[in-house]
Amino acid sequence: MTKPLSFLATCLLAASAPAIAQNAASVPEKGKPPLTERTEATGLPLTPEQQAVDFTTADLAIEVLPDRHAIAGTAKLSFTAKAPVRAMVFDLDRNLPISAIAFDGKPLPASAWRNPDGMVRVALPRQIAKGQGFTLTVRYAGTPHVAVNAPWDGGFVWAKTKDGKPWIATAVQGEGCDLFWPCFDNPMVEVGTVDLHITVPQDLVAPSNGVFMGLSAEADGRRTWHWRAKHPNGYAIALNIAPYKVIEADYKSRFGNVIPMRYWYLPGEEAQAKALFAQFAPTLDFFEAMIGPYPFGDEKLGVVETPHLGMEHQTINAYGNGYKQAPEGYDWLFHHEFSHEWFGNQLTNSNWDDMWLHEGYGSYMQPLYLQWRGGEMPYMQTLWKQRIALMNRFPVVSGKPMTEEQVYNKEIGPGNDIYNKGSLVLHTLRGLIGDTAFFDATRRIVYGRPDPKPGNFTPRFASTKDYEAILRDVTGKDYSWFFDSYFRQPRLPRLVESREGDRLTLRWETAAKSTFAMPVEVDVAGTLITLPMTDGTGTLTLPPGARPRIDPMSKLLRQNDEIDAFQAWKAAEDAKAKEKAPAGK
């Protein structure tokens, strides 16, 4: 979802949210090779071999060895050919050497596969015809890449609880699923079904994605936790291991189904855990009321406490906000991660270049929730925090395939603008087309249909172009000019005012080639007047002595001289402070 500034998850209030302290933060292990360029990237184009198959199932048996910071895995990967194939390619970090591969249960010689750069190529013993299925069973083991600063740096977190017990988590959005299992490291691939058999020491618990299928005891006393998930994105598969306790309840949905709710927390935190768990039902009600059915109601609403800030792992969202209290009366981190069940897991971007569909929508859900609960003040306050954090250095949507690193890195891509600018653009769009059209378009992009009900939709992929097409269908109008100005170039549109006697003229200036036809509301002596601005300009006659207020309801995302001046001053002050700081600070 590298070294991104923030993940499919963590930065609604990136400019103001305090950093979370980590328990026994991981450090790189000496002697381990660095990630290859292939492994560190995620979202690279699928190879011809990968495009030629459907990835139908993955059965992952993973032993976690806390004392050694190591894992051992056996992955049974099943495919169906869409075209004839003679070789198969998958991604796996070279820190996890492969000891054996079998084709349809028959061992292959070691010469049949190679992994020079994190992309494993397997020569199949025969050509697979279109429509045929086949299975690769991959055995591997090693010490997986350690996340130095999860979730911004992907990998394993080997932490300790307060009483010294293992507290382990994975967060791999930035570098991808290949950090701990053999996969296709691309957001356009969601495996039909994934089974996870997670073997851990006897006193530890291992909640994971999907439905709990059972617990078995091993001969040496360890236990194996079995989970099954449908259509998960690769990076949404997660391991979480600790001496967890769990809170359980069932939610009766407005759509008639019953949804299991589960929260796994560390011992000694029962009161705080119960307070957070109390937010689950009202938050779920909000999303189902405003967007539509919880996409994974037949599995669970799952959250697990982690030694890193957070991540949107499908049905097992990571939570590490430390139960912080907020004047708004809710936990923004829990809420933001949960939003990704709709915007990220149900709806997945077709390419990282469309990541605002995850993060912009996910970030807009927090102010929208505050407004839904009855308050314009916290709604506008949250949007204001997002507004002052905009960078506007790179387009939110470049129009070309991007890797995760290129999108999240503010030095070469939009960075946090996919969160904040995406949210503010949605606020402006909602004001432009009205609530009915806005939420109709939202449901269609999320579910692929206007009438979602439990059981009549499946996870889907979509792009910015798809969203624009839906808007045309819903409204009967072309809003390409809107996306040209807000997303396809970085500069915000500027509204220029001029007065000549009693006449006020407004004119939009934009770096986009198309005319910015954004209507503008003007309050004149208590009367609200809307200028259509169809050609980018508008004029009105003012009564004597009138002082007009432009955009009195703050519907429009536009350039602001005061914010620009503040940001320039803040950058200068930060530079001064950096110069004065002692070396190494």
Side-chain angles (χ1 to χ4, degrees), residues 1-11 14 17 19-43 62 64-71 73 91-96 118 140-161 165-181 183 185 198 200 206-209 233-242 266 304-314 316-322 333 337 340 403-405 407-409:
M1 199 202 31
T2 155
K3 305 345 168 264
L5 296 174
S6 3
F7 275 84
L8 287 198
T10 56
C11 284
I20 182 171
Q22 296 200 12
N23 256 337
S26 301
V27 295
E29 297 183 9
K30 294 182 179 180
K32 287 185 61 178
L35 297 181
T36 65
E37 185 176 350
R38 170 83 193 186
T39 301
E40 189 165 19
T42 186
I62 301 176
V64 180
L65 309 168
D67 292 342
R68 293 166 46 194
H69 289 190
I71 64 172
D91 297 290
L92 184 65
D93 184 8
R94 293 188 306 166
N95 284 308
L96 301 171
Y140 62 98
T143 54
H145 181 71
V146 172
V148 179
N149 185 28
W152 293 272
D153 173 64
F156 268 69
V157 180
W158 304 93
K160 297 286 187 181
T161 63
K165 298 289 187 181
W167 187 14
I168 303 162
T170 59
V172 298
Q173 184 193 38
E175 286 80 358
C177 46
D178 50 340
L179 290 190
F180 72 100
W181 66 280
C183 63
D185 187 12
I198 308 166
V200 297
S208 193
N209 308 83
N233 193 286
Y235 79 82
I237 296 294
L239 305 183
N240 301 278
I241 299 160
L266 296 182
V304 59
E305 187 175 1
T306 56
H308 62 83
L309 186 57
M311 181 60 65
E312 65 271 19
H313 300 136
Q314 186 171 306
I316 191 67
N317 285 329
Y319 171 83
N321 202 29
L333 189 281
E337 303 302 351
H340 286 306
T403 66
E404 190 268 358
E405 162 72 9
V407 172
Y408 276 99
N409 187 334

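- Classification of the F180-F156 ring pair by plane angle, with boundaries at 30° and 60°, yields perpendicular.
- A heavy-atom distance below 4.5 Å is found between the side chains of I62 and L239.
- Note: Y408 OH to T42 OG1 = 10.5 Å, rounded to the nearest 0.5 Å.
- Contacts of E305 classified as side-chain hydrogen bond (donor to acceptor under 3.5 Å, both in side chains), with partners at least two apart in sequence or in another chain: Y323.
- Atom CD1 of I71 is separated from atom OG1 of T143 by 9.0 Å, given to the nearest 0.5 angstrom.
- With a 4.5 Å cut-off on side-chain heavy atoms, L333 and Y319 count as touching.
- Residues A150 and A147 come closest through the heavy atom pair CB-CB, 3.7 Å.
- Between V157 and I168, every side-chain heavy-atom pair lies at or beyond the 4.5 Å cut-off.
- For R38, the salt bridge (Lys or Arg N to Asp or Glu O under 4.0 Å) partners are D91, not counting sequence neighbours.
- Here the closest heavy-atom approach between residue L309 and residue P151 is recorded as N-CD, 4.0 Å.
- In this structure, I237 and C177 have side chains that are not in contact, with every pair of non-hydrogen atoms separated by 4.5 Å or more.
- Of the inter-residue distances, the one linking T170 atom OG1 with W181 atom CH2 reads 11.5 Å to the nearest 0.5 angstrom.
- For the pair W167 and P66, the minimum side-chain heavy-atom distance is 4.5 Å or more.
- Judged as a ring pair (Phe, Tyr, Trp, His ring centres under 6.0 Å), and not counting sequence neighbours, Y140 has no contacts.
- Rounded to the nearest 0.5 Å, atoms CD (E175) and OG1 (T39) are 9.5 Å apart.
- Here the side chain of N317 pairs a donor or acceptor atom with the backbone of H313 at under 3.5 angstrom.
- Taking NZ from K160 and NZ from K165, the interatomic distance works out to 9.5 Å, rounded to the nearest 0.5 Å.
- Separation of atoms CG (D178) and CG (D185) is listed at 4.0 Å; rounding is to 0.5 Å.
- Residues passing the side chain to side chain contact (heavy atoms under 4.5 Å, CB included) test with S208 are L196, I198, W227, sequence neighbours excluded.
- Checked by atom type and distance alone, the side chain of D153 pairs as donor or acceptor with a backbone atom of V148 at under 3.5 Å.
- With N209 contributing its side chain and Q314 its backbone, the two residues share a donor-acceptor pair below 3.5 Å.
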